[in-house]
Amino acid sequence: MRSNEFQSFDFAFTHAVIGMTLISFDGTLLKWNSALSALLGYDHNELLTPSSSVRTLLSQIREIAELGRSLSSLNIHPHRFQQNYYQPTGHLLSLEISISIISDANGAPLYYFAQFENKTINKHMENQLQEAEQNLQEKEKSFLQLLEGLPLTVVITANGIIQYVNSAGLQLIHAESLYQVLGTSTNNIVDFSNYSILQERRERYYSGNTIGSVCYLINCLNGQQKYVDGFTLPIIFNGNMAFIGIFKDISQQILEEERLIQSEKLSTAGQLAAGIAHEIRNPLTAINGFMKLLRSSERMNDKYFFIIESELKRIEFIVNELLVLSKPQTTHISKPVDLLSLLEQVTTLMNGQAALKNLKILPVCADQPIWIHGEAYQLKQVFINLLKNAMEAMHHGGNIYIHVHTTESGSRISVQDEGCGMTEEQIKALGKPFYTTKETGTGLGFMITQNIVHNHGGAITIESVPEQGTTFTVTIPTILEPEVAAV
């Protein structure tokens with residue numbers, strides 16, 4: 001900068017908010033503004049005879065300026081450097097000093113021009129940031145060390161891409177090192193059949209809902225498939241938004257459950273087979289015996305034919321109940337059903353049989369329709385079976401009560417009789433194939449009733465007191481009225 005040019009900036013020099021000074025080549029302060037005095041901690045007159053700290057600072061500036069001058073760099077552009085400085089109060093400042101040369105009209109150097117900026121706050125913030133970053137790195141290192149020690153599989157992902165897997169996870173999927181899976185999409189690990197679960201969980205997160213637990217079928221690197229169960233949480237990893245999933249291998253557990261279910265199925269099939277053999281063998285034995293009597297008899301006997309026909313009908317009844325039990329919903333479609341209307345139809349149907357036994361069916365129902373989703377024919381079968389059970393338990397007349405109670409979660413329908421009742425042992429045995437408290441029953445009717453109720457999302461409970469009566473209670477979910485539900 002030429003001297004005549006600098007004179008035009010004299011006003012700016014005097015009133016600048018940053019410290020400015022002119023320094024001779026021997027290191028003497030020639031001119032300075034008030035901002036520099038305030039920055040260095042001295043008034044204007046005190047800088048006429050600089051303190052040792054100011055002289056040290058000027059000496060450092062001169063040394064750096066001389067170096068820049070020898071390289072001719074100060075003639076082209078300012079030289080900047082950082083310098084610590086203690087004010088008289090002992091307060092440490094971090095200064096950024098910019099040095100250039102002021103020349104005369106002929107280009108001859110006159111003196112140095114130095115500018116001082118206080119970067120103490122910036123330096124402090126920079127140090128804090130570095131310290132925080134270092135602490136964060138140390139915490140992440142400790143965090144990863146903790147994850148490495150966990151026996152459960154830990155996976156960290158960002159945007160569906162794997163960022164980290166702990167040792168237990170690598171062992172689970174048969175990976176030799178982290179680099180085999182780092183940067184891999186979770187779609188390569190989760191089986192294709194579970195992609196809809198992945199997508200649903202992502203949508204739930206982005207819509208602000210909780211992700212919750214999940215069970216996945218995964219593909220290991222060795223071609224093996226496994227089931228894992230766990231949960232996912234959002235975290236910050238390497239300064240970015242990510243998700244951490246913690247999973248447990250439940251493949252063996254699922255295998256054991258499948259074996260148990262298969263074992264129970266085989267056990268039930270064995271019980272059914274034994275029961276069927278027993279129930280059908282008796283009428284077959286009777287039929288065989290009366291057929292022999294007919295062969296040895298010289299004349300036809302209508303009584304024998306009647307017994308044979310009765311036993312054949314019993315076999316047919318057992319077979320029909322088994323068919324209903326095995327396929328309770330094969331020929332029907334679920335739709336909205338008015339529960340009160342259905343109970344009214346069943347009550348009307350059973351009133352005739354009740355009257356023959358000196359029984360009364362007394363329904364206690366609400367006035368408004370109660371809508372449930374199901375198959376009307378099967379639901380009628382449920383309440384017909386319950387009413388028939390109630391009638392067969394009452395040998396001396398009496399009343400059968402039907403109570404309907406509705407809550408927000410569903411409806412409770414109770415069928416209460418005044419019959420012989422059951423013991424705790426008899427209640428626990430109900431539902432087993434061919435167990436019955438009746439002389440001519442098969443025990444399959446209650447199994448059919450249970451299956452229908454469960455297939456409609458409901459449950460059935462039993463309360464009974466010997467010689468006082470029994471109450472069967474069916475709980476089933478309700479829905480809005482069909483017109484409202486369709487909106």
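Just so it is clear, the values below take in all heavy atoms, side chains as well, and ignore hydrogens, waters and symmetry mates. In this text the structure is predicted, and so the values were computed from the model without any measurement.
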J.: Side chains of Gln82 and Ser94, heavy atoms from C-beta outward: is any pair under 4.5 Å?
T.: yes
J.: About how many Å separate CG of Leu129 and CD of Glu131, when rounded to the nearest 0.5 Å?
T.: 10.5 Å
J.: With rounding to the nearest 0.5 angstrom, report the CZ to CD1 distance, Phe231 to Ile244.
T.: 8.0 Å
J.: Check whether any side-chain N or O of Asn33 sits under 3.5 Å from a backbone N or O of Met20 as a donor-acceptor pair, and report yes or no.
T.: yes
J.: Taking the side chain from Ser251 and the backbone from Lys226, do they hold a donor-acceptor pair closer than 3.5 Å?
T.: no
J.: Do you know the tightest heavy-atom contact between His174 and Cys220?
T.: CD2-CB, 4.0 Å
J.: Would a 4.5 Å heavy-atom cut-off, applied to side chains only, mark Ser100 and His79 as touching?
T.: no
J.: Is the number of heavy atoms from other residues, nucleotides or ligands under 6.0 Å of Glu463 CD greater than 12?
T.: no
J.: Donor-acceptor pair, distance only, cut-off 3.5 Å: does the side chain of Tyr216 make one with the backbone of Asn194?
T.: no
J.: What closest approach, in Å, do Cys215 and Ile197 show between heavy atoms, and which atom pair accounts for it?
T.: O-CD1, 4.1 Å
J.: Would you say Phe237 has more than 12 foreign heavy atoms packed within less than 6.0 Å of its CZ?
T.: yes
J.: Tell me whether Asn240 contacts the main-chain N or O of Ala242 through its side chain, where contact means a donor paired with an acceptor under 3.5 Å.
T.: no
J.: What distance do Trp32 atom CH2 and Leu22 atom CG have between them, rounded to the nearest 0.5 Å?
T.: 10.5 Å
J.: Return yes when atom CD of Gln128 has more than 12 non-hydrogen atoms of other residues, nucleotides or ligands closer than 6.0 Å, and no otherwise.
T.: yes
J.: Do you know which two heavy atoms are closest between Leu379 and Ile452, and how far apart they sit?
T.: N-CG2, 4.4 Å
J.: As an exercise, state the distance from CG of Leu217 to CD1 of Ile189, rounded to the nearest 0.5 Å.
T.: 12.0 Å
J.: Indicate the atoms forming the closest heavy-atom contact of Leu339 with Ser411, along with that distance.
T.: CD2-CB, 4.1 Å
J.: Quick one: does Thr153's side chain get under 4.5 Å of Val228's, heavy atoms only?
T.: no
J.: Are more than 12 heavy atoms from other residues, nucleotides or ligands located less than 6.0 Å from atom CG of Asn159?
T.: no
J.: Find the distance between NE2 (His403) and CD1 (Ile413) and round it off to the nearest 0.5 Å.
T.: 12.5 Å
J.: Take the angle between the ring planes of Tyr112 and Phe25 and call it parallel below 30°, perpendicular above 60°, tilted in between.
T.: perpendicular
J.: Should we count OH of Tyr86 as having more than 12 external heavy atoms under 6.0 Å?
T.: no
J.: Run the numbers on Asn238 and Gln163 for side chain to side chain contact (heavy atoms under 4.5 Å, CB included), then give the verdict.
T.: CA-CA 10 Å; Asn238 287 337; Gln163 308 295 316; 5.6 Å; no
J.: Once rounded to the nearest 0.5 Å, what's the spacing between atom CZ of Phe472 and atom OG1 of Thr461?
T.: 9.5 Å
J.: I want to check something: taking the side chain as every heavy atom from C-beta on, are Leu29 and Ile23 in contact at a cut-off of under 4.5 Å?
T.: yes
J.: What residue among Val214, Ile218, Leu152, Leu172 forms side chain to side chain contact (heavy atoms under 4.5 Å, CB included) with Phe247?
T.: Val214
J.: Quick one: do Met422 and Ile462 satisfy side chain to side chain contact (heavy atoms under 4.5 Å, CB included)? Show the steps, please.
T.: CA-CA 10 Å; Met422 292 181 288; Ile462 308 166; 3.9 Å; yes
J.: Between Gln225 and Asp191, which heavy-atom pair has the shortest distance, and what is it?
T.: NE2-OD1, 2.9 Å
J.: What pair of heavy atoms forms the shortest contact from Thr471 to Ser414, and how long is it?
T.: CG2-CB, 3.9 Å
J.: Just checking His454: does its NE2 atom have more than 12 heavy atoms from other residues, nucleotides or ligands closer to it than 6.0 angstrom?
T.: yes
J.: For Tyr111 and Lys31: C-alpha separation, side-chain torsions, deciding distance, then whether side chain to side chain contact (heavy atoms under 4.5 Å, CB included) applies.
T.: CA-CA 11 Å; Tyr111 30 72; Lys31 184 177 181 179; over 6 Å; no
J.: Strictly distance-based, threshold 3.5 Å: is any side-chain N or O of Asn106 a donor or acceptor partner for the main-chain N or O of Ala108?
T.: no
J.: With heavy-atom distances below 4.5 Å as the criterion, would you say the side chains of Pro234 and Met241 are in contact?
T.: yes
J.: Of all residues at least two apart in sequence or in a different chain, which pass the salt bridge (Lys or Arg N to Asp or Glu O under 4.0 Å) check with Lys119?
T.: Glu117
J.: Please check: side-chain N/O of Ser464 versus main-chain N/O of Gly469, any donor-acceptor pairing under 3.5 Å?
T.: yes
J.: Quick one, Tyr85 and Leu39 - any side-chain contact, counting heavy atoms below 4.5 Å?
T.: no
J.: Side-chain contact, heavy-atom cut-off 4.5 Å: Gln378 with His456?
T.: yes
J.: Thr232 versus Arg201: any side-chain heavy-atom pair under 4.5 Å?
T.: yes
J.: Just do the side chain to side chain contact (heavy atoms under 4.5 Å, CB included) check on Ile402 and Thr347 with the steps written out, would you?
T.: CA-CA 9 Å; Ile402 301 177; Thr347 302; 3.8 Å; yes
J.: Answer yes or no: does atom CD of Glu344 have more than 12 heavy-atom neighbours from other residues, nucleotides or ligands under 6.0 Å?
T.: no
